[in-house]
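Presented below is the structure to which this report refers.
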Amino acid sequence: MRVLLLCVALGACAARPAVPICPVPVRYTPAQEHALAAELPSDGPVTQRAIADYLGLRDAVRVCARVP
């Protein structure tokens with residue numbers, strides 16, 4: 001039990017990396033990109049997925065860059 005507590009305590013003090021690990025953009029296949037372009041006027045499910053991916057990526061980049 002003491003070893004576990006020691007590991008947790010030491011882990012809490014671990015140094016942060018000098019370079020932040022930022023997210024990688026979501027990649028789409030050419031078929032997905034064509035479907036997205038076709039759906040843009042109709043706001044279909046591929047468009048909604050792309051927008052959700054973009055929002056998640058934007059939030060992750062904001063955290064990575066420490067932008068409020």
**Distance-minimising heavy-atom pair for Pro41 and Ala38** = CD-O, 3.6 Å

**Request:** Begin with the C-alpha distance, continue with both residues' side-chain angles, and end with the deciding distance and a verdict on side-chain contact (heavy atoms from CB on, under 4.5 Å) for Val46 and Tyr28.
**Result:** CA-CA 10 Å; Val46 175; Tyr28 296 100; over 6 Å; no

**Message:** Let me confirm one number: the CZ-CG distance from Arg62 to Leu57, rounded to the nearest 0.5 Å.
**Reply:** 11.0 Å

**Gap separating the CZ atom of Arg49 from the CD1 atom of Ile51, nearest 0.5 angstrom** = 12.5 Å

**Request:** Could you tell me the separation between the CZ atom of Arg27 and the CD atom of Gln32, rounded to the nearest 0.5 Å?
**Result:** 13.0 Å

